[in-house]
4 protein chains.
Amino acid sequence: MKPKDDEKLQAIVDATFGLVEKVGLSGLTMADIARAAGIATGTLYVYYSSKEELINDLYRKSKTATANRLLKGYDARLPFRRRARTLWRNSMRNRLDHYAEAIFQQQYSNSQWRSASNHALFSNLMQEWLDFLEEGKRQEILKNAPSSLMTALFMGSTRETAELIRRKDIKSDEQTLDIAFALCWDAIKA
Amino acid sequence: MKPKDDEKLQAIVDATFGLVEKVGLSGLTMADIARAAGIATGTLYVYYSSKEELINDLYRKSKTATANRLLKGYDARLPFRRRARTLWRNSMRNRLDHYAEAIFQQQYSNSQWRSASNHALFSNLMQEWLDFLEEGKRQEILKNAPSSLMTALFMGSTRETAELIRRKDIKSDEQTLDIAFALCWDAIKA
Amino acid sequence: MKPKDDEKLQAIVDATFGLVEKVGLSGLTMADIARAAGIATGTLYVYYSSKEELINDLYRKSKTATANRLLKGYDARLPFRRRARTLWRNSMRNRLDHYAEAIFQQQYSNSQWRSASNHALFSNLMQEWLDFLEEGKRQEILKNAPSSLMTALFMGSTRETAELIRRKDIKSDEQTLDIAFALCWDAIKA
Amino acid sequence: MKPKDDEKLQAIVDATFGLVEKVGLSGLTMADIARAAGIATGTLYVYYSSKEELINDLYRKSKTATANRLLKGYDARLPFRRRARTLWRNSMRNRLDHYAEAIFQQQYSNSQWRSASNHALFSNLMQEWLDFLEEGKRQEILKNAPSSLMTALFMGSTRETAELIRRKDIKSDEQTLDIAFALCWDAIKA
DNA sequence: CATGAATGAGCGTTCATTCAT
DNA sequence: CATGAATGAACGCTCATTCAT
């Protein structure tokens, strides 16, 4: 008996992220994914029963991986601003180091594939972030504003900073990043 | 593009925006557009030589209309914060009142249709905005930060506020909007 | 403007009957039909929105044509046995002259495509036949047996006789056909 | 065919008949058969080298079993009409008690799988039936008509009667069955 | 100009069959 | 022998584009 091959599954995942970066989520075809993964089209259906399942599973995998990366080095016992900085740096590095995944997540959110179950998943993953915001508000370190606005500001900042670095419009040295974060911090602090 | 019949051209434009709101940019088909505009598919090709041209022209039209709406009531002789407030309110109202266009612009930016010429167009239209930011920085009213970050913060704020109103998560009375704008203003002011 | 082409529609119908005779109903493919009809696969969908619609419409067309052929020369004022003979001969000739249609109808009845609406249609077409049987029973010319059994005997007789002629197991001269019909008549007469 | 494991072979046969009843002959897939039989798809190919072989073998098995059931209780020394009645009852019961097989045989006859060798097989199995008809004709108990017509009448009668009972259109008591058989008998008797 | 029938490459998916384990 | 992952041709169907009318 030949068991399902983890290498092939990983090849499918990698191929799909790579293709989304090149042709966009709506330009994805099962044939292209199979070709890029080095397998036959039919083999795709051994691992995923439909294109929808494949894309939703990829979103789940990607969200989980992103969450882990965002929380890397995060320690609730550290000073609040230091924790904010860690989250900000992690978020920005994640966008730079896993650009294809970031593109995928963004396009997925506006796509026909968005599913309710994955939206709930998103909520779970973001719970720690929302708790973080609430703690900041309680301690009057952060402004008492709707979390959605705070999140938009924070994410907008990391996204645009990463984009500027990608385009080599700004350098990615310590000093520049400190300034960029400082702006974001001033925006949300009380 | 040969605008032989302005009424038909307008029907195509309106039909396309309406369809994007319903089925998304990637769900658009030329047949659907023609049907919604009340013409034959072949006639579409009298006005636009391809789907790509149609979509790019729509993006241009939409961007121009948006720019005009954003600058409505804007007067360079008014106090700076008052001008910022006008731009912020215009931006938010634009998202609420022309939701289909907002959806279209957002999906266009992540799509296979994005063209370099239209990206440049964006810069032209936004020149006034960038001048506005530069003036604020010069007068030390705004932080001296990259304009892209400022723009991200400003747009993130109007987008999320509009979204909260759409979902009826917050009311749209004067007081609430004043608070929402105040947050944004604190974010960018020096 | 180019209107839908009756010739093409007829080509589709003819091609499909011909293919069913060769490869069976379950062996039908849209690509084969298009090829045999001399058109592109996409064109098939101008005339029928799905394979199901095509097959159901063909069944309807075929049943109507069959009904007309069966009733050809039938006159309610003629003697009963003479009318029975007319129906029997028509049924048998129909099977010989339109063999592909007969095959199609038979396979359709046992297939996944059978639809309720077409079953009702069948009832309408057969009403005259059932009335005929009832009249015979009332006049005590026919046995007072369930119509389904009478129909099975009658159709079985015409089907098998036609089949024997097709295989050249028997001749199709007047005398032979008279005997074959006489057997059927003895079977159902009172 | 290598019957390495009779239990598995029987499981395949049972599974296939069961599936044909549910999804029809053209809806059969090797994967479904294997799943229903509790084995792997590859194992199917140990017992049958192709789908065609499987189906043809099933047809052979089914025909043999049917023949045995039809001849059950048949004794050449009994009176002719009594023997006819036994054959008629056996045929009808067979259709009711082994409906899946009856469906299979009927669909097989109109399918792409029909093979010449199995058609010959049919003749062998039916030899006794044909001898029976010839004996009846010789003794001038039966009409001197082509056996194919007699067979069609006889089978049509049992098939339709069984179908009426299945649909609960008629009862299956002794009296009703006696009448149904009487009709058939009148049809073929001299 | 306007029409909509015609086109055919390409889509997501299925499935009989093979073969490494 | 038994397994089930792997294969790829073929399926029904879609759709941007063309073109005869």
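What you see is a predicted model; the values in this text were computed from it and never measured. By convention in this document, chain letters (A, B, ...) are assigned in the order of the sequence lines, proteins followed by strands, and residues within each chain are numbered from 1.
- Remark: P of dA6(E) and CG of D6(C) are 11 Å apart, rounded to the nearest angstrom.
- Atoms CZ and CD1, on R60(A) and I55(A) in that order, are 11.5 Å from each other to the nearest 0.5 Å.
- Nearest-nucleotide assignment on DNA chain E puts the 5′-proximal partner with G42(C), out of G42(C) and A31(A).
- Remark: E101(A) does not engage K63(A) in a salt bridge, criterion side-chain N to carboxylate O under 4.0 Å.
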Test log, rule side chain to side chain contact (heavy atoms under 4.5 Å, CB included), inputs Q106(D) and N110(C):
CA-CA 9 Å; Q106(D) 185 178 319; N110(C) 303 70; 2.3 Å; yes
What would the secondary structure line of DNA chain F be in dot-bracket form, counting Watson-Crick and G-U wobble pairs under 3.5 Å, with [ ] for pairs that cross earlier ones and | for pairs with another strand?
.||||||||||||||||||||
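- Atom CG of L9(C) and atom P of dA5(E) are 12 Å apart (whole Å).
- Side-chain contact annotation: Q10(C) with D14(C), donor-acceptor N/O pair under 3.5 Å present.
- With values rounded to the nearest 0.5 angstrom, W113(A) atom CH2 is found 8.5 Å from L28(A) atom CG.
- An OP1 or OP2 oxygen of dC1(E) is reached within less than 4.0 angstrom by no side-chain nitrogen or oxygen of K8(B).
- Counting non-hydrogen atoms under 4.0 angstrom, I33(A) reaches nothing in the nucleic acid.
- The distance between atom OH of Y45(A) and atom C1' of dT13(E), rounded to the nearest whole Å, is 5 Å.
- Between T43(D) and T43(C), the one whose closest nucleotide on DNA chain F sits nearer the 5' end is T43(D).
- Between atom CG of residue D5(C) and atom CG of residue L9(C) there is a gap of 9.0 Å, rounded to the nearest 0.5 Å.
- Residues satisfying the ring pair (Phe, Tyr, Trp, His ring centres under 6.0 Å) criterion with Y108(B), sequence neighbours excluded, are Y59(B).
- Rounding to the nearest 0.5 Å gives a distance of 8.0 Å between OG of S50(A) and CG of N56(A).
- Each side-chain hydrogen bond (donor to acceptor under 3.5 Å, both in side chains) pair with one or both residues in residues 22-40 of chain C, not counting sequence neighbours, appears once here: T29(C)-D32(C), D32(C)-R35(C).
- One can place CG of L28(D) at 15 Å from C1' of dT14(E), the figure rounded to the nearest angstrom.
- With rounding to whole Å, D32(B) atom CG is found 15 Å from dT17(F) atom P.
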Starting from the C-alpha separation in whole Å, work towards a yes-or-no answer on side chain to side chain contact (heavy atoms under 4.5 Å, CB included) for Y45(B) and M30(B).
CA-CA 10 Å; Y45(B) 287 83; M30(B) 296 299 265; 3.6 Å; yes
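- Comparing M30(B) and M30(C) against DNA chain F, the residue whose closest nucleotide sits nearer the 5' end is M30(C).
- In this structure, the CD atom of E7(C) is 16 Å from the C1' atom of dT21(F), given to the nearest Å.
- For the segment residues 46-62 of chain A, the set of residues with a heavy atom within less than 4.0 Å of an atom of DNA chain E comprises S50(A), K51(A), in numerical order.
- Remark: D97(C) pairs with R93(C) by the side-chain contact (heavy atoms from CB on, under 4.5 Å) rule, at least two apart or across chains.
- Between T29(D) and dC15(E) there is no side-chain N or O to OP1 or OP2 distance below 4.0 Å.
- Using a 4.0 Å cutoff on non-hydrogen atoms, the parts of residues 34-41 of chain B near DNA chain E are I39(B), A40(B), T41(B), ordered by number.
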